[in-house]
Amino acid sequence: MQMIYALIIPFLLGLSVFLIVYKKPPLYLALAAAYPIGIGILAFIMFLLGLAGIPLNLINISVAGWGVIVVFSVFIIIGRRGFESSPSFQFRPIDFLLLLLIGAKVAYVLLEAMIKPVFTWDAWSRYAAAAKYIFFDHSFRTPVFARTMEDYPPLVIFNQAWILFCEGYWNDIAIKIISPLLFLSLLVIFYYGLRRFQERTTSLLFTFLLSTLPFIVFHATTAYLDLPMTFYYTAGTIFLLLFLKDKNPQDLLVSAIFLGLGIWTKRAGIYLAGIDSIVLLGYLAIENREKLWDTLQYFIILALIGLPWVVYNKLVAVSHYYTVGDLAAVNPDSFSRLPDLLGAFADKMFHSANWHLAWALFLIALVFFFRNIKKEKAALLAIIVLNLLALIYTFMFTGSYQFLLDGTLFNRVMMYMVPITVFFVGLLAFKD
Amino acid sequence: MRLIKLINYSIFALFLFCAISAANDGIEKWQIQQNLLVSPPLYLEAADNDTIEIKFKSPLNQTVRILWVGTFDNNLIPQKQVEFEAKEKKAYVINLKHRNPLWDGTISRIILTPVLPIDSIKIKKGTLGDNLSSGIFEFFGPKGRAVVGSTINNIPASSFCGRSVNHYAYWIIFIAAIALTLLSLSRREREAGTKIVWTVIVLWILLETNAWYNQINILKSDWPLWGKTLDEKRAEVTGADFYNFLKFCDQKLPPGSKIQFETSAGYFHSKATYYLYPHRMVTKEADYCLVYREPAKAKGTIFAKYKEGEYILKCK
């Protein structure tokens, strides 16, 4: 019961916001988007409560949460928001098989996540520990929290703490529910996005391929922040692409929401939102100048969501990694790192079990379907290339080079862009 | 004269045969030293003796490690080893070069640990059959299978004959791409890309079958945790003795105590910080000091004792 309550409030928060922003979404899309948006809003509510000096506990957060749900519900009723009426469709046997395989993977992730407590290093030494401090201290404005979290964004940690408040005791298994739910949402939103370009079976096939990526599957069973970051970036980029395709402002607003919540999830959220924003502006400047004004809404939403954390973090965090100065300080000797970097790229992208054959498929799609790389597909390719360049820059020219050598960070940062790479192949596939 | 030469060559051949046989079948010549099974001096060229065949006398459930030293480097180092799971009473054929590129140069000694009942050991040049057998064993071997600390950062691919299985997939894709492209060009069709994509997807599904094999095994090994208490599960992932010591400390320490834990193991310190909060870990002016299997550095009286070497000190 406690776990159901812990999920209901963020779910309703997210559903109400999504229905306000997105007119008549399909039911399955609304259900998939609800929880991720909801945990973002809940984190924001807890942040404001904490700043106001109000103790973080079950009662205070529930009152604030239900209050926001009621307010949003009024808007939904007034605006007569609802779901898209489901068209009748017929699944082919192959569609059922793919759905079964995807479902089996989701079931595996859920079982494996909830079978044992937090056990991976950063998860227990930092994130779950910080959630425990909030649970016992009823605040995040404590020295021990500040020392533990440094300048890491708190979205997932606040939600872990919320689950602990609902459980009523420190339960470091219950807090692991977040990543499996985001994994499911990732697959559904991926399918929805691809379905707007491709027919059903192809969309299901590539969703199945995404569900099989071992590195993503493993992370979905842990309490690390990388799977949530991957979700927010993938969802934000997919909705951005849908806007570029159909020029519907609601897609752009949803994209801004997801990318903004990514800034609350991991430090990488800032540069990832930046990459998508640059490509958005560039694309519209070239293809569709009259839509440039729509981007104003996008940047306003992105700033409203992301800036509070960026400003607070800048003022309060005990230490800062990757400041602008750090990132800009290029050491000329860094070019000697190129062989190590190329070796790591080759090994981790092509000869590990992390991504199966995703990168090989990407290269094949580039070669054999290059004639189809136009408009929004070209924009997505630009996003992928910028992500790769950002990866190269980070590991070659900054202190992150040490993480390349010890092999701890590379794949986790690459994971943010792999789903959109699979999405890119899905856009091009079978269109010789 | 010719007869004398013939006899000399025969004696030399016999000597050589005995020398090789001494390395290849004479398990009785191997010695036990400090729980290690050490070979006699070998002086084998690694390139010509890349395969080891070990036959165990009885069924086991053991991880066996094969280490070696070369003539130019007499030190045992952890990088020069191959590990495998020995479960059945059978001959295990392992291509050492495939498993570890450091099987190189001239090998002067081989060491096995732990000491197990062995029927025979042969070191030889592997045949095609040996390499395939070794490759299949390697494929199901520990690499890329179990969840270890580094899995969160990288999942190694399964290997076959010293290369990742992806390597073979890329060869198939390359050959298929060339063939399908030429076929499409000859037929003036435009479907080469689609067919190549399907080839990759089929290979992807094969790799996914391997991933499912891993995931099912992981689920099977974790399954006994269902039905256990939260404390039992935490003990499982932390280490039972250390977790139970921490649980003892949590019960005995007054609420909100300031504690110090001087240990050489960063893992223990971090875990204690995590599990014992809201008891606060400090570096000075602690109320209590934890001692776990290391000599106590802080001064004080024993406040509560879990067992020998594991107790809480009331700090002075």
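Below, chain A is the first sequence line, B the second, and so on; all start at residue 1.
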Side chain, backbone, both or neither of A:Val367 within contact of chain B (heavy atoms, under 4.5 Å): neither
Heavy-atom proximity to chain B below 4.5 Å, by part of A:Ile364: side chain
Shortest non-hydrogen contact between B:Ala211 and A:Pro214, atoms and distance: CB-CG, 4.3 Å
Atom group of A:Phe136 that falls short of 4.5 Å from chain B, counting heavy atoms: side chain
Per-residue contact mode, A:Trp124 against chain B (heavy atom under 4.5 angstrom): both
Region of A:Ala358 that comes under 4.5 Å of a non-hydrogen atom in chain B: both
Side chain / backbone / both / neither for A:Thr222 at chain B, heavy atoms under 4.5 Å: side chain
Within the 6.0 Å centroid threshold, strictly below: B:Trp204 and A:Phe208: no
Heavy-atom donor-acceptor pair, A:Lys116 side chain to B:Leu225 backbone, under 3.5 Å: no
B:Asn166 side-chain N/O to A:Phe350 backbone N/O, donor-acceptor pair under 3.5 Å: yes
A:Phe430-B:Trp198 aromatic ring centre distance below 6.0 Å: yes
Region of A:Asn171 that comes under 4.5 Å of a non-hydrogen atom in chain B: both
Partner chain A: residue of B:Asn210, B:Asn214, B:Ile218, B:Val165 with the largest heavy-atom pair count (under 4.5 Å): B:Ile218
Interface residue of largest heavy-atom contact number with chain A, from B:Val197, B:Ile216, B:Thr181, under 4.5 Å: B:Val197
Residue A:Val425 versus chain B: region with a heavy atom under 4.5 Å: neither
Per-residue contact mode, A:Ala104 against chain B (heavy atom under 4.5 angstrom): both
Under the salt bridge (Lys or Arg N to Asp or Glu O under 4.0 Å) test, residues paired with B:Arg234 that sit two or more places apart: A:Asp172, B:Asp231
Interchain contact, A:Tyr169 with chain B, by part (heavy-atom threshold 4.5 Å): side chain
